[in-house]
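What follows is a short report on a single structure.
Side chains are part of it too, since the values below use all heavy atoms of this structure and drop only hydrogens, waters and symmetry mates. Labels below follow one simple rule: chain letters A, B, ... track the order of the sequence lines, proteins then strands, and each chain is numbered from 1.
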2 protein chains.
Amino acid sequence: MTIKDIARKCGVSVSTVSRAINGRPDVSDEMRGKILAVVEECRYIPNNSARDLVRSSSDAIGVVVRGTSNLFFSQVLRAAAQKIEARGFRMILRQIESGADEVKTGAILEREKKLQGLLFLGGRFDYTRQEMSVINVPYVCCTYTNWFGDLGEEDYSSVSIDDQSAARQAVEHLICSGHRRIAAVVAGCSDRSISELRYRGYCAALEAHGIPIDSRLVAETGSFGMAEAYRGVEELLRREEEFTAVFALSDMMAMAVIKALTDHGRRVPQDCSVIAIDGLPLSNYTIPTLTTLEQPAAQMGEKAAALLLDMVEGGGMPRHIRLEARLQPGGSVRRVIKNRE
Amino acid sequence: MTIKDIARKCGVSVSTVSRAINGRPDVSDEMRGKILAVVEECRYIPNNSARDLVRSSSDAIGVVVRGTSNLFFSQVLRAAAQKIEARGFRMILRQIESGADEVKTGAILEREKKLQGLLFLGGRFDYTRQEMSVINVPYVCCTYTNWFGDLGEEDYSSVSIDDQSAARQAVEHLICSGHRRIAAVVAGCSDRSISELRYRGYCAALEAHGIPIDSRLVAETGSFGMAEAYRGVEELLRREEEFTAVFALSDMMAMAVIKALTDHGRRVPQDCSVIAIDGLPLSNYTIPTLTTLEQPAAQMGEKAAALLLDMVEGGGMPRHIRLEARLQPGGSVRRVIKNRE
DNA sequence: CAGATGAGTGGAAACGTTTTCAGCCTTCCA
DNA sequence: TGGAAGGCTGAAAACGTTTCCACTCATCTG
């Protein structure tokens, strides 16, 4: 069932059918009605490949998102989608799994759909300038990485919270609450991911307050998973170093941290406080609720989309937007009376 | 940068370039090496639209998944993806948002990519036979609905747990633990979703044990959200009907239920037990851990993919696979000594 | 050595659209 | 009444591939 069949059925040329379908003004209403009726009747759906192939330019923005179950980025995505629609563009979403290469996916999408711009959401994103050169449209990254190969600041755009400062705020909140022995459960300390940035924020906060950094209080889990975070805490406990608070990389990891502490007889927050970064809706439903630094997910999505569209429409220059994370007070942090040492 | 440019650069015809790129045997190794080098150097990426347009058949299976942040279906998806790859097919994923029409999306995908089959994951799925007629390839549903318009059993395939029986098992587990006043927090009781099926299972369990169904113990939240579930519990408490256990529609809702109970001074499980259905990894990290009926997500994905591929390859007939949910004991249910009334 | 074989290559059609251009027929205006 | 203008339509080119067919050589085979 192609446009030709419809044309034949209607006794007109394919051009006319095409125009009718695409809402062009230069078709008589009578003709349009007739054609649309036939289209409806035959359940004809135009072939998108052919369309994309011939259309020279488009109003499409591609979004490549990594991972299927990331609660945080799905919030970002929703906001970005809304913004893209609002500015009169079409959004084309591609989701990729662990194995795939997001840049290649983006490049394919670019050619396939004649994209105007690309938005990368989530995932590690450590590509070199060389690798990025397959992308010929403006793009914005909203990802888990702080390191972009040999890309200079002026080569790409990004939107994120200031991870280091957020972590610092979190840890300072603990310090201000009287904690001094503060453990950290992070994915990695030098893996060029946001984990590293947040770890640096942790260190910065401690240093600023004259608290020595003790590597025995740091658990590197290697990944962002809950099971790993749980094991990280067990490792910490096994070391028998005293600590009264834990800084967790993310809300999900914080849940696992709290669970591990509880399972090993430490009450949260009475015996040990926990703070995290993310501010997922979920964090309001844990017991205790999470004290966490809320990443403005919606704002991130919106800003990322806006930045991208500015570059697309106005030829705006690459920029890096850093948003503020906001402390979302919860029940997992307890103020302690510093017992003089 | 098209295949023509590559051909020109190599001094050969487009046919040869095409063959080289696609690994056809009828190109001399020398030629292939030369062409591939140029391709690499120019970062040429074939245009997928053109490819799809001309290729008459494909090995592609389309997956249309509704919603971006569904932890359960992302597990199902992962397993399905694996199976599809393993059987030598390509998976093409389309994610859609609340507004979109999954059948239309599927139909477009079908024509665009010359699909061999379609898998629908998540979402309400109440289309009529008339609406489904745009789909011309085998398809399998793994969705939130128990009602498929006027579709007969033989018209489509589906994979799910036996929701009614799972709910019944859950509630019977509560009954066997000594509970008799059992509340339910469901999305709807007659909305033709799995919520209804689970509600029916709840009723069945009560009836089987001679416990009258009390509508004052049932909170209809209207949706699967956490905030709604929380409010549902508040509504239950406001009614001042006594209950010692709550059956929650899903793990996420159970979290909210537990939170609401706790916030209102009821300890879980000491004062009130909670049971749910889902068995998300998350449920092992809540406090207390969730007693829940585990839906075998991986198995569902795998079975759905397998069923679909059987239909595609062997022309197998539509089937309906019902898997068993397994009780995953947790800490949210407490055995009570029935105090004689 | 003649013919068959087969590997490697090029030409061209085909995929299903959109869009440009040209043409026809009305209608309108002077 | 002649011409311009404008609404509507059709023909054909173009988009970038893949693949069928035909062709050229070199290499066998008997």
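Under the 3.5 Å distance criterion, with hydrogens and angles disregarded, a donor-acceptor pair is assigned to the side chains of B:Gln130 and A:Arg43.
Between the axis at the start and the axis at the end of the helix from C:dC1-D:dG30 to C:dA30-D:dT1 there is an angle of 40°, using five pairs per end and rounding to 10 degrees.
Rounding to the nearest 0.5 Å places SG of B:Cys42 at 4.5 Å from CD1 of B:Ile6. Here CD1 of B:Ile61 is found 10.5 Å from CE of B:Met91. Values are rounded to the nearest 0.5 Å. For the atom pair A:Arg94 CZ and A:Leu109 CG, the distance stands at 5.0 Å (nearest 0.5 Å). Of the inter-residue distances, the one linking B:Glu30 atom CD with B:Ile35 atom CD1 reads 10.5 Å to the nearest 0.5 angstrom.
The existence of a salt bridge linking A:Lys9 and A:Glu41 is excluded, since no basic side-chain nitrogen approaches an acidic carboxylate oxygen closer than 4.0 Å. Comment: B:Asp310 engages B:Arg87 in a salt bridge, judged by a side-chain N to carboxylate O separation of less than 4.0 angstrom.
Pairs passing the salt bridge (Lys or Arg N to Asp or Glu O under 4.0 Å) check and including a residue from residues 115-141 of chain B, sequence neighbours excluded, read B:Arg129-B:Asp155.
Contact between the side-chain N/O atoms of A:Thr16 and the OP1/OP2 oxygens of D:dT9 is not found at any separation under 4.0 Å. Between A:Ser28 and D:dT9, a side-chain N or O to OP1/OP2 separation shorter than 4.0 Å is present. Look at B:Arg24 and you won't find any side-chain N or O under 4.0 angstrom from OP1 or OP2 of C:dG8. For C:dG16, the OP1/OP2 oxygens have no side-chain nitrogen or oxygen of A:Tyr44 closer than 4.0 Å. OP1 and OP2 of D:dC15 both lie 4.0 Å or more from every side-chain N or O belonging to B:Asn47.
Across the protein-nucleic acid pair, B:Met1 atom CE and D:dG16 atom P stand 12 Å apart, rounded to whole Å. As a whole-Å value, the separation of A:Ile3 CD1 from D:dA11 P is 14 Å. With rounding to whole Å, A:Asp26 atom CG is found 11 Å from C:dT19 atom P. In this structure, the CZ atom of B:Arg51 is 18 Å from the C1' atom of C:dG16, given to the nearest Å. At whole-Å resolution of the value, CG in A:Asp29 and P in D:dG7 are 13 Å apart. Separating the CD1 atom of A:Ile108 from the P atom of D:dG16 is a distance of 16 Å, rounded to the nearest angstrom. Whole-Å rounding puts the A:Asp5 CG to C:dC15 P distance at 11 Å. Between the CD1 atom of B:Ile21 and the P atom of D:dT18 there is a distance of 7 Å, given to the nearest Å.
Ring centroids of A:Phe73 and A:Tyr144 are separated by less than 6.0 Å, placing the two rings close together.
Across all strands shown, A:Ser18 has heavy atoms under 4.0 Å from base atoms, whether or not it also approaches the sugar-phosphate. Looking at heavy-atom distances under 4.0 Å, B:Asn22 makes contact with sugar-phosphate atoms alone, never a base.
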Protein-nucleotides 11-14 of chain C N/O pairs closer than 3.5 Å?
residue	atom	partner	partner atom	Å
C:dG11	N7	B:Ser15	OG	3.1
C:dG11	O6	B:Ser15	OG	3.1

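Side chain of B:Arg66 to backbone of B:Ala100: a donor-acceptor contact under 3.5 angstrom is found.
Listed candidates were C:dT9, D:dT9, D:dT18. Nearest to the side chain of B:Met31 is C:dT9.
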